[in-house]
Trainee: 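Right, I'll just put the structure down here and ask away after.
Keep in mind that this is a model prediction, so the values were computed, not measured.
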Amino acid sequence: MGEPVENTRDTHVVVPPHIPAHQEAVNERDYGFLSKAVEEAYEGVRCGDGGPFGAVVVKDDQIIVRCHNMVLKNMDPTAHAEVTAVREACKKLERYDLSDCEIYASCEPCPMCFGAIHLSKMKRLVYGAQAEAALAIGFDDFIADAIRGTAQYQKVYFEVKRADGSVAEAAEQIFENTKSKFTMY
């Protein structure tokens, strides 16, 4: 028997069986926490803090934080619901490793939010709406595609260049020169 296949719009995506998160089914417990993320999205819009996005972080079946998009309130384009939830959970738990936590997001995370979730080492992400639902009303967070210039929905509006030469080498050398100060994974 081959690897499981998930149908998407026009293509099939092969989901490797060795990635446990892709094999777990969404269950009733998940729907309960996801509904809290959706409530939080509505709350953020109601109070004018930002766009219709919400997230909750859960540890040991308890909600640690409930957050919504705070872009307008904070005048911070990085204050997405998921990034805010990661930040607040880290503060509350006094650590940056959230590997014993899960996050529930009302919408599929943009690359920035996905990066924050990944870097916090959360063990699980469950989301509700697909990104296309947000794109359909004007949200344009397909950052990775925009940078590459392959975006269907958005192009980057600034120049992106990678430096070379001695300054670029110095920027790369900082990792080698400081690696003893950091214990990674």
Side-chain angles (χ1 to χ4, degrees), residues 6-13 15 19-59 61-92 98-99 101-148 150-157:
E6 289 183 13
N7 289 322
T8 60
R9 279 189 189 172
D10 312 2
T11 63
H12 296 285
V13 176
V15 180
I19 302 175
H22 290 277
Q23 300 303 309
E24 296 176 17
V26 175
N27 56 46
E28 287 303 313
R29 172 187 169 276
D30 294 330
Y31 289 115
F33 290 127
L34 188 56
S35 69
K36 300 297 183 193
V38 170
E39 288 172 13
E40 196 62 33
Y42 276 113
E43 175 62 18
V45 172
R46 185 196 63 72
C47 64
D49 287 345
F53 304 93
V56 297
V57 175
V58 174
K59 179 181 180 298
D61 288 327
Q62 299 295 312
I63 294 176
I64 301 300
V65 295
R66 293 174 60 129
C67 296
H68 55 259
N69 184 290
M70 301 286 285
V71 169
L72 298 176
K73 181 177 182 178
N74 294 351
M75 291 296 148
D76 177 358
T78 69
H80 291 196
E82 301 91 335
V83 171
T84 302
V86 168
R87 289 174 179 160
E88 293 301 316
C90 288
K91 285 180 193 171
K92 186 168 185 176
L98 301 177
S99 57
C101 297
E102 304 165 90
I103 189 165
Y104 294 82
S106 62
C107 186
E108 180 179 3
C110 74
M112 176 183 69
C113 293
F114 187 86
I117 294 164
H118 173 73
L119 291 172
S120 71
K121 303 179 190 173
M122 291 229 201
K123 67 180 179 181
R124 197 156 179 258
L125 158 67
V126 177
Y127 66 89
Q130 290 185 313
E132 286 76 12
L135 290 165
I137 66 166
F139 288 92
D140 57 359
D141 286 334
F142 276 61
I143 298 165
D145 283 341
I147 291 170
R148 292 184 201 110
T150 59
Q152 178 178 349
Y153 302 101
Q154 174 187 355
K155 301 289 186 217
V156 71
Y157 297 105

Trainee: Kindly say whether Ala131 contributes a backbone atom to a donor-acceptor pair with the side chain of Glu108 at under 3.5 angstrom?
Mentor: yes

Trainee: Residues two or more places apart in sequence or in another chain: which of them pass side-chain hydrogen bond (donor to acceptor under 3.5 Å, both in side chains) with Asn27?
Mentor: none

Trainee: Evaluate the criterion side-chain contact (heavy atoms from CB on, under 4.5 Å) for residue pair Glu88 and Val57; output intermediate values, then yes/no.
Mentor: CA-CA 9 Å; Glu88 293 301 316; Val57 175; over 6 Å; no

Trainee: What are the two closest non-hydrogen atoms of Ala81 and Cys67, and how far apart are they?
Mentor: O-CB, 3.9 Å

Trainee: What's the separation between atom CZ in Arg29 and atom CD in Glu102, rounded to the nearest 0.5 Å?
Mentor: 4.0 Å

Trainee: Does a side-chain heavy-atom distance below 4.5 Å link Met122 with Val86?
Mentor: yes

Trainee: According to salt bridge (charged side-chain N to carboxylate O under 4.0 Å, His left out), who are the partners of Lys73, at least two apart in sequence or on a separate chain?
Mentor: none

Trainee: As an exercise, state the distance from NZ of Lys123 to OG of Ser99, rounded to the nearest 0.5 Å.
Mentor: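 Interatomic distance, Lys123 NZ to Ser99 OG, rounded to 0.5 Å: 8.5 Å.
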
Trainee: Counting neighbours of CZ on Phe33 that are heavy atoms of other residues, nucleotides or ligands and sit closer than 6.0 Å, is the number greater than 12?
Mentor: yes

Trainee: I need the Arg46 CZ to Glu40 CD distance, nearest 0.5 Å.
Mentor: 10.0 Å

Trainee: What distance separates Lys121 NZ from Leu98 CG, expressed to the nearest 0.5 Å?
Mentor: 10.0 Å

Trainee: How long is the gap from SG on Cys47 to NE2 on His68, to the nearest 0.5 Å?
Mentor: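 Here the rounded value is 4.0 Å.
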
Trainee: Under the side-chain contact (heavy atoms from CB on, under 4.5 Å) rule, what do Val58 and Ile63 come out as? Steps first, then yes or no, please.
Mentor: CA-CA 4 Å; Val58 174; Ile63 294 176; 4.2 Å; yes

Trainee: Looking at OG of Ser120 and CD of Glu82, how far apart are the two atoms once the value is rounded to the nearest 0.5 Å?
Mentor: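 CD of Glu82 is found 11.5 Å from OG of Ser120.
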
Trainee: For the pair Glu43 and Arg66, find out whether any cationic side-chain nitrogen is under 4.0 Å from an anionic carboxylate oxygen.
Mentor: no

Trainee: Please answer whether the main-chain N or O of Ile64 pairs with a side-chain N or O of Lys92 as donor and acceptor at a distance below 3.5 Å.
Mentor: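 Yes, the answer is positive, given that a donor and an acceptor are paired below the 3.5 Å cut-off.
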
Trainee: If every non-hydrogen atom of Val56 is compared with every non-hydrogen atom of Ala37, which pair is closest and at what distance?
Mentor: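 For Val56 versus Ala37, the nearest heavy atoms are CG1-N, 4.0 Å.
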
Trainee: Considering all heavy atoms of both residues, which atom of Val71 and which atom of Asn69 are nearest to each other, and what is their separation?
Mentor: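 Answer, listing the atom of Val71 first, then Asn69: N-OD1, 3.0 Å.
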
Trainee: How close do Phe114 and Pro109 get, heavy atom to heavy atom, and via which atoms?
Mentor: N-CB, 3.9 Å

Trainee: Could you report the tightest heavy-atom contact between Leu34 and Ala105, atom names first, then the distance?
Mentor: CD1-O, 3.2 Å

Trainee: At their closest point, which heavy atom of Asn74 faces which heavy atom of Ala79, and how far apart are they?
Mentor: ND2-CB, 4.1 Å

